[in-house]
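Here the structure is laid out as structure tokens; the discussion comes afterwards.
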Amino acid sequence: MKFSAFQYQIKNHQFLLKITLILVIFPLINSGNSSKAIAQIIPDQTLPQNTLVTPDGNIIKIEGGTETGINLFHSFQEFSIPEGSAAFFNNSVTIQNIISRVTGSNISNIQGLIQANGTANLFLINPNGILFGPNAQLNIGGSFTASTANSIIFDNGSEFSTTNPQAPPLLTVNVPIGLQLGNQPGSITNQSQGLGIGIDGNSANTGLQVQPGQNISLIGSDVILNQGNLTAFGGKIELAALRNGTWSLQPSAYGFTSPDFQLGSIRLFRQSQIDASGAGGGLITLQGGEVSLTDGSRIVSNTLDSLNGGGIQIEAEQFQLDNRAFISSSTIATGNAGNISINAKNSIDLVGTQPLVFLEQLVSEEFNPQSLADGIFSLSLGTGTAGTVTLDTAQLQIMNGAGILTSTLGSGSGGNVTVLASRFADIAQGSIIITGTVGTGNAGDINIFTPQLRLLKDSHIITSPGLSGAGKGGDLNLNADIVEIRGVSVGVVVPTGLFTATLGTGSAGDLTVNARQLTVAEGAQVSASAAGAGKGGNLTVNADLVELRGVSEDGRFLSGLLTSSSLLTVEGEKGTAPAGDLTVNTQRLVVQDGAQISAATGGEGSAGNLTLNASESIDVIGFATNVDQSVESVSFGTVGDGIVPSAIESNTSGAGNAGDLRINTGRLTVLQGAEIGVRGTNDGAAGNLEIQANQVLLDHEGTLSAATVAGTGGNIRVTAQSVELRRGSQITTNAGNADGGNITLGTSNLVALENSDITANAEAGKGGQVIINAQGVFGTQFREFETSQSDITATSDLGAEFSGAVEISSPEVDPSAGLVELPTNLVDPTTLIAARCSGDQGNQFVITGRGGLPPSPNDALTSEPTVMNWINLVDSVETLHATSLRGAGASLRGAGAPLRSMANPQIREAQGWVVRADGAIELVTNPPQGTPQPTGVLPPQCSTL
């Protein structure tokens with residue numbers, strides 16, 4: 001990144017400690033103007049020793065007053081300074097505090113210079129209001145406080161009041177501790193663009209400026225900066241908008257101290273500026289009801305030397321930043337930058353002017369830290385650490401290209417970002433939150449806590465080491481109830497999403513999403529990746545429901561959860577570091593319309609392991625048809641025909657090995673061309689696919705696969721109560737130039753119908769093994785080659801001697817015998833019943849049994865199994881039990897083996913049966929003599945009409 005423009009040209013390394021005040025030379029004014037000046041600074045007669053005002057050309061001398069220890073008290077009926085004039089407090093250099101009040105009814109209109117001797121602090125209170133004009137300036141050695149308070153409070157309980165000046169004041173030697181504002185205090189407006197010493201030591205429009213290390217405080221009902229500047233290098237600047245309350249002036253307790261206060265507004269517009277930068281950046285505080293920055297206005301407190309910065313603190317009910325305004329607390333030296341904290345009870349709105357501008361500048365390496373706009377920044381350009389940015393509010397909106405950046409460009413660490421939004425956080429229209437590093441320093445972490453996060457339309461949350469970064473990327477932790485990530489515009493270079501990535505030698509951080517519901521759609525992505533020598537981070541999602549849907553509008557990006565190593569090519573070299581692991585813990589997972597979950601590698605580094613735990617279900621459904629054919633898909637290499645299936649895959653397209661894919665769920669469904677698998681499309685070995693589920697259903701060309709081109713073939717192991725393949729679905733471990741992987745299925749029932757295959761074939765290697773342990777195998781059988789039926793094959797194109805083995809353990813039954821096809825044409829019962837019968841009996845058609853349709857006479861008999869005793873009359877009597885179809889074990893290998901019974905005694909053919917006294921039926925060779933009875937029901941005698 002280019003940041004040389006941000007390096008200040010400092011003439012003297014210790015210039016901040018040696019700044020002298022600008023000598024302002026005022027032109028002579030005529031006697032008429034002199035009379036006007038005298039009339040605008042008018043003392044009252046309320047002090048024990050009253051204030052004396054003496055005009056001296058363009059200088060208005062203010063002397064006298066009541067001196068009490070280190071404090072000097074002045075009281076005025078009017079206090080305004082015309083343009084080109086100066087009010088000079090001619091105090092003793094031993095005075096530490098000049099405390100001035102206005103008891104009249106007019107505002108103070110300050111258009112000129114306020115000057116004092118020595119290092120005295122100056123307080124000016126006027127409850128009617130105070131205006132600092134464009135040429136207003138300060139030339140004092142201490143701090144400056146301007147307020148529209150009614151009185152100044154001291155620690156002994158006394159007050160120096162503007163509304164009750166006739167009461168004998170209890171003037172004290174103590175330092176003021178607070179300001180009391182009445183019911184309707186006036187506002188303070190600053191328009192000052194007065195000349196002063198800039199941060200680079202040159203003349204600049206610093207506005208109201210105090211000496212380095214000193215403070216400026218403006219406290220009124222409203223505080224407005226209208227093209228006005230405030231400057232206190234290395235000092236403190238505080239603005240407070242307060243009505244009917246008490247404001248503390250104590251350093252340990254700045255802020256509102258009364259419980260019944262009301263807040264006003266603080267507004268910065270027309271390129272107004274508050275600057276407390278210095279050897280150690282100063283502290284800037286703003287407290288009000290509505291706080292806003294617009295029109296290129298800025299609040300800056302940068303660290304330029306070895307001291308640590310004080311930071312920027314904003315307390316408000318509503319905060320808004322828009323139209324190229326920005327806040328910065330950065331460091332370019334060894335000192336740490338100060339933190340930025342914005343606490344807005346109701347809302348924070350950051351609105352930019354140019355969507356995607358930050359991302360484009362960062363990708364093109366043209367980001368210039370000297371030309372900041374539209375955001376909040378805490379950067380490190382030296383060895384110091386960037387500050388932490390904390391946003392605490394009910395509603396957060398970051399819109400239209402606004403950004404939060406806490407990156408490091410040097411050896412110092414980047415800052416953390418923490419978002420606390422009690423109602424929701426919306427980041428949209430090309431906006432960004434980013435912590436990163438392009439140097440040796442580590443990037444900061446991003447932590448977001450909110451009930452609802454919506455990351456929309458080209459917006460990003462990123463923590464990443466850059467191309468030349470050796471530092472580690474930060475972690476990204478998202479904690480929300482509902483997370484929605486969607487929308488990618490045509491032509492963008494990075495999809496909408498959450499990212500931890502590394503492009504250099506530093507490792508990427510981990511990415512964790514904790515939510516009740518996560519939706520990633522329309523080409524958006526959640527990704528932890530590595531594209532250099534640095535290791536990719538781990539991606540973990542914990543949610544009740546995870547939904548991944550679709551691709552981007554132009555088909556360039558697939559929605560999904562991704563971990564990867566070297567999917568990008570950096571300076572012609574692919575990465576060597578491994579990718580992180582990807583883990584999803586959920587109740588329900590849905591992947592559809594071309595979306596993907598992928599753990600992949602494209603270089604020498606290995607892919608991470610992919611683990612999915614879904615207590616209820618996993619549904620992988622369908623495909624996308626508008627995928628850009630020139631785009632390299634995460635899991636499938638170059639898309640050839642614009643169609644890409646929904647997929648869950650562990651993948652390698654380089655020399656690195658793919659990771660293992662493990663799925664644990666109640667119900668796994670793969671439909672309509674979708675795929676779950678492990679894949680190797682180059683030299684790397686494919687991983688293993690392991691599935692544990694109650695039910696597995698593959699339908700309409702759903703696929704479980706472990707494919708490899710040249711590396712070692714992957715294996716598939718499925719353990720489930722039932723496995724069903726329908727309508728062209730597949731379980732396959734086919735290989736190219738390598739041996740086929742093995743398939744192991746353990747299930748109660750395996751059903752494969754309608755040309756659904758289980759294959760472990762190889763083209764230039766050995767076929768794999770297919771091992772099936774099932775109680776029932778229906779609709780498929782072993783073949784030496786694939787047919788249009790449902791097949792189990794383990795072949796090799798090299799010949800039969802290279803074919804694999806198929807081993808099936810199931811009951812000794814013909815699986816097809818248990819499948820009865822119901823007739824499609826129902827029998828008309830009227831054709832089987834006589835039209836009219838004799839007697840009083842009517843026609844009847846009776847079916848008895850347990851219900852349902854019986855098989856036709858042409859079907860095989862399939863009765864419920866019955867256990868009966870055989871009586872053997874041979875000398876050695878043995879009792880055998882007829883077994884149910886499911887009870888006998890069987891072994892079937894290869895093309896099949898003859899069925900074998902468990903015993904082979906000599907059995908005589910039964911000639912009849914008897915019913916014993918206990919109701920049991922007994923087959924006998926010599927049945928007793930009786931009258932034969934026909935089977936079935938005899939029809940009644942019918943008469944001919």
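Predicted model, so just to flag it, every value in this text is computed and none were measured.
- Side-chain atoms of V670 and V696, non-hydrogen and from C-beta on, never get closer than 4.5 Å to each other.
- Taking the side chain as every heavy atom from C-beta outward, L698 and I731 approach each other to under 4.5 Å.
- Shortest non-hydrogen contact noted between V620 and A674 is O-CB, 3.3 Å.
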Apply side-chain hydrogen bond (donor to acceptor under 3.5 Å, both in side chains) to the pair S459 and Q429, showing each step before the final yes or no.
-> CA-CA 6 Å; S459 296; Q429 300 166 339; over 6 Å; no

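- Among the candidates I618, T583, V591, V541, the single residue satisfying the side chain to side chain contact (heavy atoms under 4.5 Å, CB included) test with L612 is I618.
- A salt bridge is defined here as a Lys NZ or Arg NE, NH1 or NH2 lying under 4.0 Å from an Asp or Glu carboxylate O, and K472 with D475 meets this definition.
- Of all heavy-atom pairs between F367 and P369, the closest is O-CD, 3.6 Å.
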Walk me through it: do L455 and I461 pass the test side-chain contact (heavy atoms from CB on, under 4.5 Å)?
-> CA-CA 8 Å; L455 189 62; I461 301 177; 4.1 Å; yes

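- S552 places a side-chain N or O within 3.5 Å of a backbone atom of F557 that can act as its donor or acceptor partner.
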Please assess Q695 against R667 for the test side-chain hydrogen bond (donor to acceptor under 3.5 Å, both in side chains), listing each intermediate value before the final yes or no.
-> CA-CA 5 Å; Q695 298 176 325; R667 184 184 72 250; 5.1 Å; no

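- Applying side-chain hydrogen bond (donor to acceptor under 3.5 Å, both in side chains) to T732 and the options T759, D757, T703 leaves one that passes, T759.
- With contacts defined as side-chain heavy-atom distances shorter than 4.5 Å, the pair V417/T388 does not qualify.
- Across all their heavy atoms, L725 and S729 have their closest contact at CD2-O, 4.0 Å.
- G403 approaches F358 most closely through the heavy-atom pair N-CE1, 3.6 Å.
- In this structure, the side chains of I432 and I462 come closer than 4.5 Å at one or more pairs of heavy atoms.
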Going through the distances and angles, do N477 and N514 end up as a side-chain contact (heavy atoms from CB on, under 4.5 Å)?
-> CA-CA 8 Å; N477 300 297; N514 298 309; over 6 Å; no

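- In this structure the side chain of E675 reaches within 4.5 angstrom of the side chain of S705, judged on heavy atoms.
- Here the closest heavy-atom approach between residue R486 and residue T496 is recorded as O-CG2, 3.9 Å.
- For the pair R516 and D544, the salt-bridge criterion is not met [side-chain N within less than 4.0 Å of a carboxylate O].
- One finds no salt bridge joining R717 and E690 here, because no Lys/Arg side-chain nitrogen approaches an Asp/Glu carboxylate oxygen to under 4.0 Å.
- Applying the side chain to side chain contact (heavy atoms under 4.5 Å, CB included) test between L661 and each of I691, V678, L704 identifies V678 as the sole match.
- Only one option out of I597, L668, L689, L582 pairs with I648 in a side chain to side chain contact (heavy atoms under 4.5 Å, CB included); it is I597.
- L610 places none of its side-chain heavy atoms less than 4.5 Å from the side chain of T563.
- For the pair R549 and D593, the salt-bridge criterion is not met [side-chain N within less than 4.0 Å of a carboxylate O].
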Check the pair L391 / L420 against side-chain contact (heavy atoms from CB on, under 4.5 Å), numbers first and verdict last.
-> CA-CA 6 Å; L391 305 183; L420 306 169; over 6 Å; no

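- Side-chain atoms of S559 and E522 include no donor-acceptor pair closer than 3.5 Å.
- The shortest side-chain heavy-atom distance between H460 and V494 falls under the 4.5 Å cut-off.
- Atoms NE2 and CD1, on H700 and I621 in that order, are 12.5 Å from each other to the nearest 0.5 Å.
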Decide side-chain contact (heavy atoms from CB on, under 4.5 Å) for Q592 and F623; before the verdict, give the C-alpha distance in whole Å, the side-chain angles of both, and the deciding distance to 0.1 Å.
-> CA-CA 7 Å; Q592 64 186 46; F623 50 87; over 6 Å; no

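- Taking the side chain as every heavy atom from C-beta outward, I663 and I676 approach each other to under 4.5 Å.
- Of all non-hydrogen atoms in P451 and A421, the two that sit nearest each other are CD-O, 3.0 Å.
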Test S413 against N442 for side-chain hydrogen bond (donor to acceptor under 3.5 Å, both in side chains), laying out the working first.
-> CA-CA 5 Å; S413 296; N442 295 331; 4.9 Å; no

